[in-house]
Student: 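Here it is: the structure, laid out below.
Below, read A as the first sequence line, B as the second, and so on, with proteins coming before strands; counting in each chain starts at 1.
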Amino acid sequence: MATKSKDYNFLEIEPHWQSFWDKNHSFRAESSTTKPKYYVLDMFPYPSGSGLHIGHPEGYTATDIVARYKRAQGFNVLHPMGWDAFGLPAEQHAVKTGTHPSSNTQNNIVNIKRQIKALGFSYDWEREIDTTDPKYFRWTQWIFLQLFKKGLAYVDKRPVWWCPELRTVLANEEIVDGKSEVGGFPVERRNLRQWVLRITAYADRLLADLKDVDWPDSTKRMQEAWIGRSEGAEVQFDLEDKSHGPLKIFTTRPDTLYGCTYMVLAPEHPLVDPLTTPGQKSAIDAYRKKAAGKSDLERTDLAKDKSGVFTGAYAINPINGARVPIWVADYVLMGYGTGAIMAVPAHDDRDYEFAQHYSLPIVQVIAASEAETKLPYTGDGKLVHSGPYTGLDWPEAKKRITADLATKGAAKATVNFKLRDWLFSRQRYWGEPFPIVWLNAADYARAIAKRTGDVPATPVTFTSEGVTHYALPLPPSALPLELPDVQSYLPSGNGESPLANETSWLEIWFNVDTGAAVPASNPCPAGDVWVRGRRETNTMPQWAGSCWYYLRFTDPKNSQAFASQEALKYWGVPDLYIGGAEHAVLHLLYARFWHKVLFDLGEVPQSEPFTKLFHQGMILGEDGEKMSKSSGKGVTPDAVIASHGTDTLRLYLMFLGPLEAQKPWNPQGIEGVHRFLQKIWRECLDVEGAVNPKVSDDPSVDSTELIKLLHETIKKVGENIETLRFNTAISQMMIFSNAVQKAPAVSRATMLTFLQVLAPFAPHIAEELWERLGGAGSILRAPWPKYDASKLVNDSVKLVFQVNGKHRGDQLVPINLPQDEALALARGNAKVMPHLEGKTLKRVIYVPGRILNIVVE
RNA sequence: GCCCGGGUGGCGGAAUGGUAUACGCAACAGACUUAAAAUCUGUGCUCCGUAAGGAAGUGUGGGUUCGAGUCCCACCCCGGGCACCA
């Protein structure tokens with residue numbers, strides 16, 4: 001039932017149709033159907049306290065248009081929404097107020113959900129998910145256990161930001177200018193026990209499979225760069241003092257070995273201490289201390305001012321026996337390669353700078369091109385000063401030198417990745433608890449006797465103060481492991497999360513069969529299945545929940561599995577995924593990793609999670625600057641909905657420019673699309689709200705031009721939705737509505753068809769006018785109109801006459817006019833004639849129906 | 001420094017190698033109105049010209065082509081990302 005609104009009262013119309021869709025479950029994805037599926041997904045939001053930003057509805061409108069279009073085309077569409085609700089702000093709020101982060105999170109969800117619903121998106125709310133819901137994170141924990149079982153999770157000490165004043169670990173974003181964001185206290189790097197996921201085991205496949213996905217090239221390249229594969233060789237240099245064994249380095253340029261004039265160790269390299277001669281010890285110690293105190297940021301800032309200290313030790317170059325001094329410098333990182341390099345100052349910018357600074361020798365071994373004779377030379381060339389290899393092209397020399405050294409056992413070809421294993425734990429409260437209990441060696445041995453099949457081949461252990469602890473997973477039947485209530489959300493103060501203070505939850509008698517627990521302060525229950533354990537106090541990072549949520553949407557209420565095999569088989573992975581480019585690397589890489597693990601386990605049928613990806617561009621402030629919270633320039637969707645309606649907002653966001661472009665927000669532009677909708681309203685209805693008398697039941701009132709334009713519009717809008725070019729789709733609809741306005745009459749059928757084309761963009765006004773013009777049922781159920789190609793052809797067309805490529809005139813001519821006739825017309829054209837006078841015709845280019853170019857001397 | 005984008009009227013932008021500036025905003029003029037708003041009609045979007053018309057023109061310089069905003073080379077500027085990765 002439509003409203004009785006006389007004029008375009010969007011404040012009445014929009015809520016009316018939203019509740020109509022709600023009541024009719026209009027957007028429910030069907031679970032048993034023979035229809036083809038289409039799965040279109042938004043990157044789900046973090047429910048922040050400040051609510052929806054204008055950037056959110058941009059991407060959401062784009063996916064909603066696609067979803068509505070695909071439904072009209074007969075697809076069974078899955079278009080879900082949920083909440084990525086673990087996260088730092090809720091935890092900080094809890095620390096400040098002492099209330100449980102869950103209550104704050106739920107309040108935020110209520111607010112942001114209200115905002116999203118007011119936009120009229122066609123989400124299937126019955127599939128809503130929340131990553132903080134134990135029914136959801138039960139499966140996040142379950143997936144972690146699969147990684148654990150496969151040996152892809154381990155525990156290690158890793159450096160994190162530590163604030164001695166606040167006695168807490170800080171995230172990168174909690175540090176501003178090298179100080180804590182809260183209080184401005186100094187911070188330092190500190191090694192803490194962390195869970196790490198072995199994403200590097202998938203580096204090759206994460207790289208190779210990028211070729212199979214339809215993603216923006218820039219995003220693929222960013223992932224490639226992040227994975228950072230490089231081929232080279234690990235080369236062994238003997239040390240002059242053989243008691244410390246050989247020194248291994250990684251190089252991508254073994255062909256430049258003859259140019260190695262010194263070596264560099266990272267300050268953290270284990271050989272630094274043993275190698276340093278007594279005379280250099282104090283200088284080295286001072287340098288290491290300084291380097292250790294530096295943040296990565298400071299090390300980066302000093303990029304242009306290389307520093308280092310000589311250890312006093314020498315190595316022997318395996319290729320020519322040369323004696324090479326060994327230095328320590330912080331431009332070499334312990335985390336990449338072997339933490340040691342051979343320096344070739346003639347052919348590496350950093351080595352050159354360092355050698356210049358410390359007056360180390362520079363030996364050129366690659367002949368520079370004639371154009372570029374300055375050192376350092378990093379280009380291609382043939383080898384010089386390189387013994388038997390002199391004269392070889394460098395790629396050939398690289399192979400030969402590596403192979404020759406390999407026969408002596410002094411080198412092996414290797415591949416290195418920049419990608420590091422993923423630090424997967426946080427010393428926080430508000431995250432998924434790890435379903436892990438730490439046991440002593442004897443209890444672990446007893447436990448795994450009963451628990452074959454869900455522990456890794458090599459136990460995950462951690463040694464502290466001489467005692468080794470063994471990680472035993474909870475049995476899957478004991479999931480979810482929920483967060484206990486805590487007295488305080490403040491961290492423990494010793495580097496552990498607030499969970500470390502909850503002794504009765506932490507220190508337990510643990511039933512290795514069932515996962516049941518009893519506080520350790522109680523007597524140990526009877527039976528041989530009970531062992532003394534301590535729970536893991538770390539929680540998972542926010543990424544965990546977002547790594548697999550797209551799978552849960554296919555079967556969100558399943559309590560037997562993260563999703564049923566039938567659901568996974570039918571829905572598969574999203575056909576279209578839209579979200580911000582800020583997630584180009586981390587979220588997308590982590591999700592791909594988890595997906596591939598699940599694929600290897602046979603849990604999902606495809607090897608890649610997101611076949612087609614698109615990034616919406618950022619909406620900038622009116623001044624073209626970023627809209628930031630601090631600048632107070634944020635435009636809220638709520639305000640625009642109140643003043644112009646959501647149909648206008650949706651249309652405007654799409655009309656601003658190409659979806660992927662960064663676009664400034666211009667409030668005056670909103671009026672333009674709002675007028676467009678009002679115009680459509682007036683063409684359909686008169687001032688009393690009755691059908692406009694110019695709308696006729698007689699189809700013959702439509703001019704040929706109007707019919708042609710209608711079919712052009714159907715074609716163009718459909719094509720533009722497919723290619724996500726919504727701005728030009730809207731232009732086309734404006735052209736059509738302008739034509740209708742100028743026409744003395746329009747047929748009801750034409751108007752209804754136009755409303756169908758408009759419906760994905762402005763669904764509320766389309767439903768309203770559809771019903772008031774007598775359209776059958778909801779416009780959602782009307783099949784997408786097909787254009788008639790025969791209506792698009794013209795009998796005559798404007799042919800452009802050019803002389804020497806310059807537009808000189810044009811004329812309406814029959815389509816497929818032969819060239820000689822076209823040429824005759826052009827020669828007779830009053831505007832073209834003067835440009836031909838006295839000239840010799842050299843050539844004629846004729847593109848029928850388009851252009852006739854006369855080339856004259 | 002490297003890697004990605006991008007530079008078109010006053011503004012947002014459009015343009016399979018084929019009429020540059022569609023569509024919209026803003027501006028100006030006119031109609032309607034007592035008036036305003038709304039709506040409608042029209043105008044131009046640089047320069048010369050009263051006009052008809054002509055010339056120039058898509059960051060700069062060159063090139064390919066009958067024809068270049070579009071392809072190639074070099075450069076300038078703006079935005080974003082990454083960064084001592086051996």
Student: Establish whether the base of B/U16 is bridged to the side chain of A/Arg850 by a donor-acceptor pair shorter than 3.5 Å.
Tutor: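 Counting by modelled atom types and ignoring angles, a donor-acceptor contact under 3.5 Å is found here.
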Student: Could you give the distance separating B/C45 and B/A20 at their P atoms, to the nearest angstrom?
Tutor: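 My reading of the P atoms in B/A20 and B/C45 gives 14 Å.
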Student: Pairing check on B/G9: which nucleotide meets the Watson-Crick or G-U wobble criteria with it, both distances under 3.5 Å?
Tutor: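 Because no pair has both required distances under 3.5 Å, B/G9 counts as unpaired.
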Student: Do A/Arg725 and A/Glu719 sit within salt-bridge range, that is, some charged N less than 4.0 Å from a carboxylate O?
Tutor: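 The answer is no: the pair does not qualify as a salt bridge.
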Student: Taking the same atom, C1', in B/G17 and in B/C84, what whole-Å distance lies between them?
Tutor: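 After rounding to an integer number of Å, I get 45 Å for this pair.
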Student: NZ of A/Lys306 versus C1' of B/A86: gap in Å, rounded?
Tutor: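 Taking NZ of A/Lys306 and C1' of B/A86, I get 12 Å after rounding.
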Student: Under 4.0 Å, counting only non-hydrogen atoms across every strand here, what does A/Arg420 touch: a base, just sugar-phosphate, or nothing?
Tutor: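 Touches a base.
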Student: Select one nucleotide: of B/U19, B/A55, B/G18, the one nearest the side-chain heavy atoms of A/His807.
Tutor: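 In terms of side-chain proximity for A/His807, the closest of B/U19, B/A55, B/G18 is B/U19.
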Student: Which value, in whole Å, describes the distance between the P atoms of nucleotides B/C11 and B/C47?
Tutor: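 One P to the other, the span is 15 Å.
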Student: Determine, for A/Arg229 against A/Asp204, whether the closest basic-nitrogen to carboxylate-oxygen distance falls under 4.0 angstrom.
Tutor: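 Answer for the salt bridge query: yes.
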Student: Using the C1' atoms only, state how far B/A51 lies from B/A15, rounded to an integer number of Å.
Tutor: 31 Å
Student: Students often get this wrong, so: under 4.0 angstrom with heavy atoms, is A/Asp348 touching a base, only sugar-phosphate, or nothing?
Tutor: nothing
Student: Which is true for A/Ile845 with a 4.0 Å heavy-atom rule: it touches a base, it touches only sugar-phosphate, or it touches nothing?
Tutor: base
Student: Between atom CG in A/Asp810 and atom P in B/U19, what is the gap in whole Å?
Tutor: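 Spelled out: CG on A/Asp810 to P on B/U19 is 11 Å.
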Student: Side chains of A/Tyr336 and A/Ser230: do they bring a donor and an acceptor to under 3.5 Å?
Tutor: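 Present: a donor and an acceptor within the cut-off.
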Student: Report, one pair per line, the protein and nucleotides 37-44 of chain B atoms (nitrogen or oxygen only) whose separation is under 3.5 Å.
Tutor:
{"from": "B/U39", "atom 1": "O3'", "to": "A/Arg682", "atom 2": "NH2", "distance (Å)": "3.4"}
{"from": "B/C40", "atom 1": "OP1", "to": "A/Gln741", "atom 2": "NE2", "distance (Å)": "2.4"}

Student: Polar atom pairs between nucleotides 1-7 of chain B and protein, under 3.5 Å, N or O only, would you list them?
Tutor:
{"from": "B/G5", "atom 1": "OP1", "to": "A/Arg221", "atom 2": "NH2", "distance (Å)": "3.4"}

Student: For atom C1', what is the distance between B/G10 and B/G80, given to the nearest Å?
Tutor: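 Looking at atom C1' only, B/G10 and B/G80 are 27 Å apart.
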Student: Measure from the side-chain heavy atoms of A/Tyr331 and tell me the nearest of B/G13, B/A86, B/C84.
Tutor: B/C84
Student: Between B/G61 and B/U8, how far apart are the P atoms? Round to whole Å, please.
Tutor: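 Rounded to whole Å, the distance is 16 Å.
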Student: When you get a sec, tell me which of B/C23, B/A14, B/C25 is the closest nucleotide to the side chain of A/Asn738?
Tutor: B/C23
Student: State the pairing partner of B/C2; accept Watson-Crick or G-U wobble contacts with both distances under 3.5 Å, and report none otherwise.
Tutor: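 Check on B/C2: paired to B/G81, both distances under 3.5 Å.
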Student: Please report the distance separating the P of B/G12 from the corresponding atom of B/A74, rounded so that it comes out in whole Å.
Tutor: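 It works out to 29 Å between them.
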Student: State whether A/Glu671 and A/Arg675 are salt-bridged, where the test is any N-O pair (Lys NZ or Arg NE/NH1/NH2 against Asp/Glu carboxylate O) under 4.0 Å.
Tutor: no
Student: Looking only at side-chain N and O atoms, does A/Asp330 offer a donor or acceptor that is under 3.5 Å from a partner on A/Tyr287?
Tutor: yes
Student: Will you find, in the side chains of A/Thr414 and A/Glu234, an N or O donor that is under 3.5 Å from an N or O acceptor?
Tutor: no
Student: Could you tell me whether the side chain of A/Asn853 and the main chain of A/Ile845 form a donor-acceptor pair under 3.5 Å?
Tutor: no
Student: Can you tell me the distance, in whole Å, between the CD atom of A/Gln223 and the P atom of B/C82?
Tutor: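 Between P of B/C82 and CD of A/Gln223: 14 Å.
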Student: Could you check which of B/U19, B/A86, B/C66 has an atom nearest any side-chain atom of A/Asn853?
Tutor: B/C66
Student: Between the side chain of A/Asn692 and the main-chain N/O of A/Arg682, is any donor-acceptor distance below 3.5 Å?
Tutor: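 Checked: pair present.
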Student: Is any side-chain nitrogen or oxygen of A/Arg725 closer than 4.0 Å to OP1 or OP2 of B/A15?
Tutor: yes
Student: Could you check whether the side chain of A/Lys842 and the base of B/C66 have a donor-acceptor pair of N or O atoms closer than 3.5 Å, going by distance alone?
Tutor: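 No pair found.
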Student: Taking any heavy-atom pair under 4.0 Å as a contact, classify A/Val855: base, sugar-phosphate, or nothing.
Tutor: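 Sugar-phosphate contact only.
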Student: Might you point out which heavy atoms bring A/Ile401 and A/Asp255 nearest each other, and give the distance in Å?
Tutor: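 Taking every non-hydrogen atom into account, CD1-CA, 3.9 Å.
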Student: Hey, which of these two, A/Thr728 or A/Met734, hits RNA chain B nearer its 5' end, going by closest nucleotide?
Tutor: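 The answer here is A/Thr728.
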Student: Have a look at B/G9 and give me syn or anti from its glycosidic angle (syn if within 90° of zero).
Tutor: syn
Student: Ring centroids only, cut at 6.0 angstrom: are A/Tyr8 and A/Phe10 within range, meaning strictly under it?
Tutor: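 They qualify: ring centres under 6.0 Å apart.
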Student: What is the distance, rounded to the nearest whole Å, between atom CD of A/Gln732 and atom C1' of B/G24?
Tutor: 14 Å
Student: Look at all strands and tell whether A/Pro216 reaches a base, only sugar-phosphate, or nothing, counting heavy atoms closer than 4.0 Å.
Tutor: nothing
Student: Once you apply a heavy-atom cut-off of 4.0 Å, does A/Met733 come out as touching a base, just sugar-phosphate, or nothing?
Tutor: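 The residue A/Met733 makes no contact with any strand.
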Student: Considering Watson-Crick and G-U wobble pairs with both distances under 3.5 Å, what does B/A31 pair with?
Tutor: B/U39
Student: If you apply the rule side chain to side chain contact (heavy atoms under 4.5 Å, CB included), what do you find for A/Leu659 with A/Glu58, and how did you get there?
Tutor: CA-CA 8 Å; A/Leu659 184 62; A/Glu58 188 196 10; 4.1 Å; yes
Student: For RNA chain B, whose closest nucleotide is more 5', that of A/Arg843 or that of A/Asn727?
Tutor: A/Asn727
Student: Between B/G63 and B/G57, how far apart are the two P atoms, rounded to whole Å?
Tutor: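 Result for the P pair: 14 Å, nearest Å.
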Student: Measure from the side chain of A/Ser731, starting at C-beta and using heavy atoms only, and say which of B/C23, B/G18, B/G79 lies closest.
Tutor: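 The answer is B/C23, which lies nearest to the side chain.
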